[in-house]
Amino acid sequence: MTFDLTIITANAGAIWNAFLVTIYTWLAGSALGIVAGLVIAALMLFGGRPLQLLLRGVIELVRGTPFLVILFLVYYGGPAFGVRLGAVTAGVLCIAGYSSVYFAEIFRSGFAAVPRGQLEAGECLGLSRFDLLWRVQLPQMLVLILPAIVNMLTILCKETAVLSIITVPELTAVLTGIGTRTFTFIETLLVLCIAYLLLIEITSRAGRWLERRVGTYLQR
Amino acid sequence: MPLTLSPTTTISTEPAKGANTATPIIHLSAVGKRYGNHQVLSNINLDVHHSEVVCLIGPSGSGKSTLLRSMAFLEEYDEGEIHIEGRLLGWEIDDRGRRKHAGRNRLNQARRNLGIVFQQFNLWPHMTAMGNVTEALVRVRRMKRSDAEKRAMTVLEKVGLAEKAHQYPARLSGGQQQRVAIARALAMEPKIMLFDEPTSALDPELVGEVLAVMKQLALEGMTMVVVTHEMGFAAQVANSVVFLDQGSIVARGTPSEVFRDTQHPRLRQFLQNYLDRNAFWHTTPEQEN
Amino acid sequence: MFDWPTFVFSLPLLGKALLITLQTSLLGNAFGFVIAILISSMQLAKMPLLRRLGGSYIFIFRGVPLLVQLLVIYYLAPMLGLPNLSPMVAAVLALSLCSGAYIAEILRGGLMAIPPGQREAAHLLGMSRPAILLRIELPQAVQSTLPSLVNELVLLIKASALVSVVGLADLTRVAQNLAASDYLFFQHYLVLAGIYCLINIPLTMFGRRLERHLQRSLA
């Protein structure tokens, strides 16, 4: 077994581009997923009973299906309905759709976690429903759900590796590609693992830092 | 001796004597409420007059907290009427004589006269003591922030917490948190203060500071309705004490009528139970006999 | 739109593949549980080195995507002198190693929630450390974390779709093959998603019932 990192330096440009694709699909997909999740959570709170049941059903179905299968359904199954998406677009949309149901659950539990009594106190002081949502519920909810959001982000970061299966030119696809072409599996896979470990570590550290910043008032 | 019983006096079921006879500031007539099959409140008639302090006592589950929360329409009573300053609370009577929910504005109008203090404080943990007090002044009363802070400082001083104004609730003791909650309610300059077991969630040594603030308020002439287990406070401060059991008013009267002269078996049992729990050193009357 | 004869024809194939999927996930879960016991007790050990090792294991196996772990095992096993690693063994190995890290985190939470007085009491009665772990602490930790463990099984069944990459004929792989043969991509993948849901949704509901039950018994 030889260990030769020149194969990495020789392909630095391609690997950097792949890294950017990973970051793009991850962050764009997550951002869309968060927005969609908020919308779903709001619809479940304020929409009627039928809408609530419908969304509940959709959430269960998406949660029961592997991410890879959703990816296949959209990317390979889409053309049957005339929906032809590029691999990257399909990847971003799938990450968004897949994560939106998880984010919706996180937001829903966040709204429920603010004690009822705090709202009663505000109501008695004459605060409007909007003020209560905006000034009392939302700021607390964001702090309460921050760990869950960060955790979900790390999960999604890892899910982007699956996009390599539908030929998105992200890190996993490009590095294993270089590996198979040049038979340098050890080097390429090592770099791949380190890249993901770094991304995950940075994300969770940033999350913890943010938690400390915004959570000061909860510390005794 | 803590519990002397004189067989000649009977408990008055009329509103407390001595309070003025003008229109009551809170007027409850035949108020009732049920959860499914369970009647939580039945046929409650109660008047509270200006500057009067009424204490609601009773075993847990007797409906005293529900009754107090009904006075702010945090619980929807479904029979009878509650009037605050002559205004029907929470309901509107439509053209056909049926009751429907009052609009939010109307409800807020009625609640303007009320300040509420909860057992669990219910402070907003992401705002400082100052932020908790000024929030409604700025958002509801549309005061300028600087004016709101001035008024907040005054009420925080009143409850003895001026130097804690910029602390978050988590950094305050339970007693201090409850005093901030009192200040938050007082800042809105209510005519009536409702207290829902304000000391029940506190460590015993912190109860005193909260009761002292409440006593001061009573001395200043605030109209107060207090659900409490602090019989000492009720005995010293209340103009009238109301004993509830199983959703009904069973006895009422001045503190001395209720605490000393009562004949009512359920109330006697309740008070004896309280004494047994709280007496140390003293012997109970049963043991003396 | 939906070709019923094809669907009926594909059912026996999918049924066999479902058994493979269940086999890999359940085996992965079982071995993962054993790994997890080891790792979580390492993390709670007194020796700093053991704690470090346990922590690193979790850091690596939770930080690298399962797909990459699969690729590492698939490509590097031959280099490490394991040329005949069958797809099944490779798949179960990867799933065990990965789920071991996640289950270890769950168990650690459960173990830490047990009052230390219990261990001290057992210690005074002369029980050995492994005995205390296996007889006193683990049963309680498993009981209190059962909902999370069921949830972890659901996640593992979903993750097992990735083993198709190393050539194991699991549900996803068979559906892929079917779709490649008649180009009914959407139909086959829809059926595939349906089968996963058919297993996962009841399991999820069971987990939620356990959780409610647990909360009631603790309340």
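So that the names make sense, note that chain A is the first sequence line, chain B the second, and so on, each numbered from 1.
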Can you check whether anything in [range] gets within less than 4.5 Å of chain C, heavy-atom wise, and list it by number?
range	result
residues 98-120 of chain A	A:Tyr98, A:Tyr102
residues 194-208 of chain A	A:Tyr196, A:Leu197, A:Ile200, A:Glu201
residues 163-172 of chain A	A:Ser164, A:Ile165, A:Thr172

* Asked: Would A:Thr180 and C:Tyr75 count as a side-chain contact (heavy atoms from CB on, under 4.5 Å) if you check the C-alpha gap in whole Å, the side-chain angles of each, and the deciding distance to 0.1 Å?
  -> CA-CA 9 Å; A:Thr180 15; C:Tyr75 285 119; 3.9 Å; yes
Drop me the distance from [X]'s [atom1] to [Y]'s [atom2], to the nearest 0.5 angstrom.
X	Y	atom1	atom2	answer
C:Asn200	A:Arg63	CG	CZ	11.0 Å
C:Cys197	A:Glu60	SG	CD	9.0 Å
C:Tyr74	A:Thr176	OH	OG1	12.0 Å
C:Tyr196	A:Ile70	OH	CD1	12.0 Å

* **Most contacts with chain C, counted as non-hydrogen pairs under 4.5 angstrom, among A:Leu189, A:Thr65, A:Val69, A:Leu73** => A:Leu73
* **C:Ser164, part contacting chain A, at a heavy-atom distance under 4.5 Å** => side chain
* At a heavy-atom separation under 4.5 Å, does C:Leu76 approach chain A through its side chain, its backbone, both, or neither? ->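 The answer is the side chain of C:Leu76.
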* Under 4.5 Å, heavy atom to heavy atom, which residues of residues 56-70 of chain C contact chain A? ->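 When heavy atoms of chain A are the reference, residues 56-70 of chain C contributes C:Phe59, C:Ile60, C:Arg62, C:Gly63, C:Val64, C:Pro65, C:Leu67, C:Val68 within the under-4.5 Å range.
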* Using non-hydrogen atoms only, which part of A:Leu61 is less than 4.5 Å away from chain C: side chain, backbone, both, or neither? -> both
* Using a cut-off of under 4.5 Å on heavy-atom pairs, state which of C:Leu190, C:Val154, C:Ile199 scores highest against chain A. =>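 Top option by heavy-atom pairs under 4.5 Å: C:Leu190.
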* Among C:Leu171, C:Ile201, C:Val165, which residue forms the greatest number of heavy-atom pairs with chain A at distances under 4.5 Å? -> C:Ile201
* Ring centroid separation A:Phe72 to C:Phe185 under 6.0 Å -> no
* Asked: Around atom CD of A:Gln52, are there more than 12 heavy atoms of other residues, nucleotides or ligands at under 6.0 Å?
  ->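 Yes - once you tally the heavy atoms of other residues, nucleotides and ligands closer than 6.0 Å, there are more than 12.
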* What is the minimum heavy-atom distance between C:Phe186 and A:Ala80, and which atoms define it? -> CB-CB, 4.2 Å
* To do: State, to 0.1 Å, how close A:Arg56 and C:Arg208 come at their nearest heavy-atom pair, and which atoms those are.
  =>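 In this case the closest contact between A:Arg56 and C:Arg208 is NH2-NH2, 4.3 Å.
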